[in-house]
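Following: one structure in structure tokens, then a few remarks.
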Number of protein chains: 2
Amino acid sequence: MSPRKSAAEARATRRRIVERGVAIASVDGLEGLTIGRLATDLGMSKAGVLGHFGTKETLQLAALDEAAAVFVRAVWRPAEDAAPGLPRLRAVCEAWIAYLESERETFPGGCLFATASVEFDARGGRVRDAVVRLGRLWRRRLAGEIRLAVAAGDLSPDTDPEQLTYEIVGLYLVLNQDLQLFADPRAPERTRRALARLLAPGASAAVA
Amino acid sequence: MSPRKSAAEARATRRRIVERGVAIASVDGLEGLTIGRLATDLGMSKAGVLGHFGTKETLQLAALDEAAAVFVRAVWRPAEDAAPGLPRLRAVCEAWIAYLESERETFPGGCLFATASVEFDARGGRVRDAVVRLGRLWRRRLAGEIRLAVAAGDLSPDTDPEQLTYEIVGLYLVLNQDLQLFADPRAPERTRRALARLLAPGASAAVA
DNA sequence: CCTACCGATCGGTAGG
DNA sequence: CCTACCGATCGGTAGG
């Protein structure tokens with residue numbers, strides 16, 4: 001006895017579903033994100049949940065989209081004000097740490113991309129494609145900031161932006177593991193220490 | 001019509017189950033490792049599969065044990081012959097790369113520990129405990145090799161073994177991601193390049 | 001957005 | 001190690 005909601009109400013419901021879905025997927029994975037679980041959590045019927053997406057795959061893609069929006073807001077947006085070059089690169093890196101450390105509310109099981117990357121790395125399909133696309137996107141942006149820092153003379157011209165990007169991503173993957181699996185509060189400082197070395201003014205650590 | 005096998009035959013069957021289980025879990029995770037799937041793959045009944053373990057959890061733990069044995073054989077055993085210090089540390093690191101690169105047969109979905117770490121990092125239970133225990137074990141061993149290298153004077157006395165271990169693990173996590181998710185053949189060389197910097201004679205990159 | 005239902009698969013058990 | 005079965009849950013559909 002709750003049919004015929006307005007379009008605005010339907011959008012609000014969809015939001016609730018997706019936000020809860022992101023939290024569930026961060027813990028149990030995008031496959032573990034089941035319609036029945038969502039319905040129970042939200043006090044809805046399964047058909048009511050599924051009606052907003054049609055298929056589970058579309059729901060998974062919506063959760064991934066929402067996670068991407070959260071990531072952009074937490075990591076890239078705050079750094080936009082910083083000066084291009086090393087200051088902005090450092091701002092991005094610091095925001096990334098803060099994102100992994102404190103976005104525990106939206107991602108109780110850790111960064112959804114870290115989870116989804118491993119979950120879908122040996123499968124096909126549209127969800128895997130989306131994970132790959134987003135992974136490439138964050139790396140491309142990070143490499144872009146590194147190039148700006150090189151162009152500004154803040155990092156050595158010998159710097160290999162792809163290599164440096166690769167090493168920084170490694171520092172975030174191990175940070176996510178240490179926070180989630182080992183609950184080690186020293187991890188953020190460890191990533192910071194390694195980053196300080198890689199991003200020292202004039203540093204040429206990651207060379208071709 | 002195939003009851004009453006000998007104890008040796010039963011052991012051989014158990015082996016087949018576990019080995020196939022490791023391969024499945026590496027692709028679909030330890031939760032995605034289902035009794036029915038195993039039974040179909042091996043041409044057995046579900047009860048026949050489950051009879052060797054009793055519960056799915058025990059089967060998951062057996063798969064994890066087998067993966068640990070493979071890891072020890074591939075990474076730690078070959079390095080045992082190398083001289084303690086930087087030579088052995090480097091041998092371990094190189095074997096670890098080779099393990100991720102070439103153990104595609106036993107782990108078609110990539111290193112099972114990388115998969116299981118993310119899959120269970122937000123859960124409780126005995127499987128999670130085993131993943132944590134093994135993760136700590138590899139790190140402790142790696143830190144031990146680093147300490148030997150410091151003691152031998154091969155690495156700077158300023159070296160922080162925990163910090164260096166952390167950074168090296170990051171280089172393996174990103175290597176696994178790039179091999180599995182992005183299928184990027186340049187990844188092993190990237191990890192090698194970063195390791196060469198961290199493990200240069202007298203290097204004091206990872207200091208406290 | 002609901003009730004009612006579908007076939008398939010899940011982990012697991014009984015009994016031989 | 002098998003057949004036969006259990007209740008629960010899966011993704012999804014019909015129809016309102």
Side-chain angles (χ1 to χ4, degrees), chain A residues 1-21 24-25 27-64 116 119-120 123-128, chain B residues 1-21 24-25 27-64 116 119-120 123-128:
Chain A
M1 223 290 174
S2 45
R4 284 302 87 158
K5 294 283 179 74
S6 74
E9 285 175 312
R11 271 196 305 275
T13 301
R14 201 195 125 104
R15 266 193 72 83
R16 284 180 64 225
I17 298 172
V18 171
E19 276 169 12
R20 188 85 201 93
I24 293 175
V27 172
D28 293 321
L30 282 165
E31 284 306 329
L33 171 59
T34 68
I35 322 285
R37 165 80 189 279
L38 263 176
T40 303
D41 282 14
L42 298 173
M44 296 173 59
S45 67
K46 291 200 315 176
V49 170
L50 199 53
H52 285 273
F53 307 95
T55 68
K56 175 173 181 170
E57 189 181 49
T58 309
L59 166 64
Q60 291 173 318
L61 291 169
L64 220 40
E119 191 177 7
F120 287 90
R123 302 183 191 187
R126 292 167 58 198
V127 178
R128 182 219 159 90
Chain B
M1 220 282 182
S2 46
R4 286 301 85 159
K5 295 281 181 72
S6 75
E9 285 174 312
R11 271 197 303 276
T13 302
R14 202 194 124 103
R15 265 194 71 83
R16 283 180 63 227
I17 298 172
V18 171
E19 275 169 12
R20 187 85 201 92
I24 293 174
V27 172
D28 292 321
L30 282 165
E31 283 307 329
L33 171 60
T34 68
I35 321 285
R37 166 78 188 281
L38 263 176
T40 305
D41 283 15
L42 298 172
M44 296 173 60
S45 67
K46 291 201 314 176
V49 170
L50 199 54
H52 285 273
F53 307 94
T55 67
K56 176 173 181 172
E57 190 181 48
T58 308
L59 166 64
Q60 290 173 319
L61 291 169
L64 220 39
E119 191 178 7
F120 287 89
R123 301 184 191 186
R126 293 166 57 196
V127 178
R128 183 220 158 90

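This one's a predicted model, so the numbers in the text were calculated from it and none came from an experiment. In the text below, chain A, chain B and the rest are named by the order of the sequence lines, each starting its count at 1.
Put simply, CE on M44(A) and OG1 on T13(A) are 6.0 Å apart, with the number rounded to the nearest 0.5 Å.
Considering only residues two or more places apart in sequence or on other chains, R15(A) meets the side-chain hydrogen bond (donor to acceptor under 3.5 Å, both in side chains) condition with E19(A). Scanning for side chain to side chain contact (heavy atoms under 4.5 Å, CB included) contacts around R16(A) gives L42(A), with sequence neighbours left out. For R11(B), there are no side-chain hydrogen bond (donor to acceptor under 3.5 Å, both in side chains) partners at least two apart in sequence or on another chain.
Note: CG (L42(A)) to C1' (dC2(C)) measures 15 Å, nearest angstrom.
For residues 37-49 of chain B, the side chain to side chain donor-acceptor pair (under 3.5 Å) pairs, not counting sequence neighbours, are R20(B)-D41(B), D28(B)-R37(B), R37(B)-D41(B).
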With B for base contact, S for sugar-phosphate-only contact and - for none (protein heavy atoms under 4.0 Å), nucleotides 6-13 of chain C reads ----SBBB
Quick one: the dot-bracket string of DNA chain D, using Watson-Crick and G-U wobble pairs with both distances under 3.5 Å, [ ] for crossing pairs and | for bases paired to another strand. ||||||||||||||||
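A pairwise comparison of heavy atoms in G21(B) and L38(B) identifies N-CD2, 3.8 Å as the closest pair.
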Using side chain to side chain contact (heavy atoms under 4.5 Å, CB included), reason through E31(B) and K56(B) one step at a time and then give a plain yes or no. CA-CA 9 Å; E31(B) 283 307 329; K56(B) 176 173 181 172; 3.7 Å; yes
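Listed for the Q60(B) side chain is no donor-acceptor partner under 3.5 Å among the backbone atoms of V127(B).
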